[in-house]
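Take a look at the following structure, please.
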There are 2 protein chains.
Amino acid sequence: MLTIGKLGSKAGVKVPTIRYYEQIGLLPEAERSAGNQRLYGSKALERLAFIRHARDLGFTLEAIRDLLSLSDNPDQSCAAADAIAKAQLLEVENRLARLTALKAELERMVVQCAGGRIADCRVIEVLGDHSLCATDHLHPETEETP
Amino acid sequence: MLTIGKLGSKAGVKVPTIRYYEQIGLLPEAERSAGNQRLYGSKALERLAFIRHARDLGFTLEAIRDLLSLSDNPDQSCAAADAIAKAQLLEVENRLARLTALKAELERMVVQCAGGRIADCRVIEVLGDHSLCATDHLHPETEETP
DNA sequence: CTAATGTCTCTAGCAACTATAGCTTCAAGG
DNA sequence: CCTTGAAGCTATAGTTGCTAGAGACATTAG
């Protein structure tokens with residue numbers, strides 16, 4: 001049995017994050033020791049690794065919740081899991097496209113900066129006027145993890 | 001003079017967002033009409049467009065605050081503005097690299113899904129075991145806007 | 001046995017908004 | 001002139017995915 005700290009270091013997840021996952025129901029309530037400390041077995045480690053990996057791949061906790069409940073019922077069709085992954089792929093492709101446009105724009109800005117005074121600075125100028133942009137890099141839709 | 005709604009639709013920014021920007025000091029306190037409604041002139045529109053554009057380019061509000069204070073004092077060297085833009089460019093390049101690895105992994109997952117039962121689903125399987133991954137798509141470091 | 005970690009709960013904070021509630025003001029139609 | 005509906009106001013709370021802190025108990029190394 002692992003304490004929360006051991007579990008965290010094995011899975012590469014910080015301790016408060018584990019407690020947070022338990023709190024929002026992604027992880028089941030842990031067993032407790034006599035002294036009320038959480039104890040975890042290998043199943044919890046697997047589940048946490050799953051969550052961690054899916055987070056690394058950019059899935060939201062909501063999507064992960066769905067994926068976990070799918071993997072808890074292994075007899076169903078995997079169409080749902082496939083759909084979630086495909087949606088995530090689309091999302092990522094979208095962001096890639098936007099980021100690529102952004103990068104081009106930032107490069108243009110930086111290259112054109114003459115290094116003189118602010119009054120001549122292309123960075124400031126371009127930021128003040130979207131029509132100076134070469135591409136449309138619109139509304140990156142603030143979200144989290146790619 | 002524009003009302004907050006007109007300003008918002010001209011700049012492509014939602015009304016509560018404008019009030020929020022005022023609240024955190026990115027926009028100066030607006031003039032008020034007799035009936036206490038905010039009124040904006042063209043300077044405010046420019047400033048808001050600047051903010052909006054910089055947000056679209058992925059700058060944080062903190063970076064934007066700095067850029068605005070630079071553009072408010074146009075007699076300085078533009079080295080600072082240039083540095084902010086360069087840092088932002090690096091950031092974007094980083095994210096691009098990570099996203100590209102992610103995309104490859106997601107594509108692999110999706111392609112390999114045979115469409116059978118969860119028990120055989122590659123999506124679930126890969127999520128449970130990082131060693132099945134072809135690339136290192138590690139820790140995308142949760143942030144906002146690309 | 002003591003000191004140093006580790007863990008516990010609870011609360012508050014981060015970015016960058018968005019949404020809600022309950023009110024006032026404004027512009028246009030009848 | 002009056003009413004109705006949209007748009008504005010303030011203030012507060014919620015969102016996502018954590019992270020940080022306080023103050024108290026548990027465990028372990030020396």
Side-chain angles (χ1 to χ4, degrees), chain A residues 1-27 29-40 44 48 50-68 88 91 95 139-146, chain B residues 1-27 29-40 44 48 51-66 68 88 91 95 139-146:
Chain A
M1 287 306 225
L2 300 163
T3 63
I4 197 171
K6 300 272 164 60
L7 178 70
S9 54
K10 283 213 186 205
V13 175
K14 288 178 191 152
V15 167
T17 305
I18 298 173
R19 290 197 277 247
Y20 170 71
Y21 287 162
E22 179 181 313
Q23 191 195 309
I24 64 170
L26 270 193
L27 290 174
E29 297 202 1
E31 270 180 71
R32 297 298 181 114
S33 73
N36 196 37
Q37 303 198 344
R38 289 172 180 82
L39 291 178
Y40 299 91
L48 185 53
F50 183 106
I51 296 171
R52 169 76 191 165
H53 194 197
R55 284 297 293 135
D56 284 349
L57 285 167
F59 290 88
T60 64
L61 292 183
E62 251 343 280
I64 293 172
R65 198 188 291 280
D66 293 346
L67 288 167
L68 278 169
Q88 180 61 18
E91 181 55 44
R95 288 199 210 185
H139 337 123
E141 266 139 47
T142 297
E143 277 156 58
E144 38 60 78
T145 299
Chain B
M1 287 307 223
L2 300 163
T3 62
I4 196 169
K6 298 274 163 59
L7 177 69
S9 56
K10 284 212 186 203
V13 176
K14 287 177 192 153
V15 167
T17 304
I18 299 174
R19 291 197 276 246
Y20 169 72
Y21 286 162
E22 178 181 315
Q23 191 194 311
I24 63 169
L26 270 193
L27 291 175
E29 297 201 2
E31 271 180 69
R32 298 297 182 115
S33 73
N36 196 37
Q37 304 199 341
R38 289 173 181 82
L39 292 177
Y40 299 92
L48 185 54
I51 295 171
R52 168 78 191 163
H53 194 194
R55 285 296 294 134
D56 283 349
L57 285 168
F59 291 87
T60 65
L61 292 183
E62 252 341 278
I64 293 170
R65 200 187 290 280
D66 292 347
L68 279 169
Q88 185 62 19
E91 184 49 51
R95 286 197 213 186
H139 334 125
E141 266 139 46
T142 298
E143 276 156 58
E144 38 61 77
T145 301

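For the numbers below, each heavy atom of this structure counts, side chains included, while hydrogens, waters and symmetry mates do not. Just so it is clear: chains get the letters A, B, ... in the order the sequence lines come, proteins before strands, and each one is counted from 1.
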Checklist line | A/Leu39 vs A/Leu2, side-chain contact (heavy atoms from CB on, under 4.5 Å): CA-CA, chis, key distance, verdict | finding: CA-CA 5 Å; A/Leu39 291 178; A/Leu2 300 163; over 6 Å; no

For residues 3-24 of chain B, tabulate all N or O donor-acceptor pairs below 3.5 Å that involve a side-chain atom, not counting sequence neighbours.
{"residue": "B/Thr3", "atom": "OG1", "partner": "B/Lys6", "partner atom": "N", "Å": "3.4"}
{"residue": "B/Ser9", "atom": "OG", "partner": "B/Gly5", "partner atom": "O", "Å": "3.3"}
{"residue": "B/Ser9", "atom": "OG", "partner": "B/Lys6", "partner atom": "O", "Å": "3.1"}
{"residue": "B/Glu22", "atom": "OE1", "partner": "B/Arg38", "partner atom": "NE", "Å": "3.0"}

Check: How long is the line joining NZ of B/Lys10 and P of D/dA7, in whole Å?
Finding: 17 Å

Notebook entry, point to check: How close or far is atom P of D/dG17 from atom CG of A/Leu48, stated in whole angstroms?
Noted result: 16 Å

Note to self: Please confirm whether the shortest side-chain N or O distance from B/Lys14 to OP1 or OP2 of C/dT18 is below 4.0 Å.
What the structure shows: yes

Notebook entry, point to check: With a 4.5 Å heavy-atom cut-off, do A/Leu27 and A/Ile51 have their side chains touching?
Noted result: yes

Note to self: Donor-acceptor check, side chain of A/Arg55 to backbone of A/Phe59, threshold 3.5 angstrom: yes or no?
What the structure shows: yes

Notebook entry, point to check: Could you give the CD-to-P distance, from B/Glu22 to C/dA16, as a whole number of Å?
Noted result: 19 Å

Check: Is a side-chain N or O of B/Gln37 found less than 3.5 angstrom from the main chain of B/Arg32, in a donor-acceptor match?
Finding: no

Note to self: Protein within reach of the bases, or only the backbone? For nucleotides 6-12 of chain C, mark each nucleotide 5' to 3' as B, S or -, using heavy atoms under 4.0 Å.
What the structure shows: BSSB---

Next item on the list: Measure the distance from CZ on B/Arg65 to C1' on C/dA15 and round it to the nearest whole Å.
Entry: 12 Å

Next item on the list: Can you measure from CD1 (A/Ile64) to CG (A/Leu57) and round to the nearest 0.5 angstrom?
Entry: 9.0 Å

Next item on the list: Could you tell me the separation between the CD atom of A/Glu91 and the OG1 atom of A/Thr60, rounded to the nearest 0.5 Å?
Entry: 9.5 Å

Check: Tell me: CD1 of B/Ile18 to C1' of D/dA7, nearest whole Å?
Finding: 13 Å

Note to self: Can you measure A/Glu62 atom CD to D/dT15 atom P for me and round it to whole angstrom units?
What the structure shows: 11 Å

Item checked: Phosphate-side-chain proximity, B/Tyr21 and C/dC17, N/O vs OP1/OP2 below 4.0 Å -> yes

Next item on the list: For A/Tyr20 and C/dG13, give me the distance from atom OH to atom C1', rounded to whole Å.
Entry: 14 Å

Check: Quick one: is D/dT19 close enough that its OP1 or OP2 comes under 4.0 Å of any side-chain N or O from A/Thr17?
Finding: yes

Check: How close or far is atom C1' of C/dC17 from atom CD1 of B/Ile64, stated in whole angstroms?
Finding: 13 Å

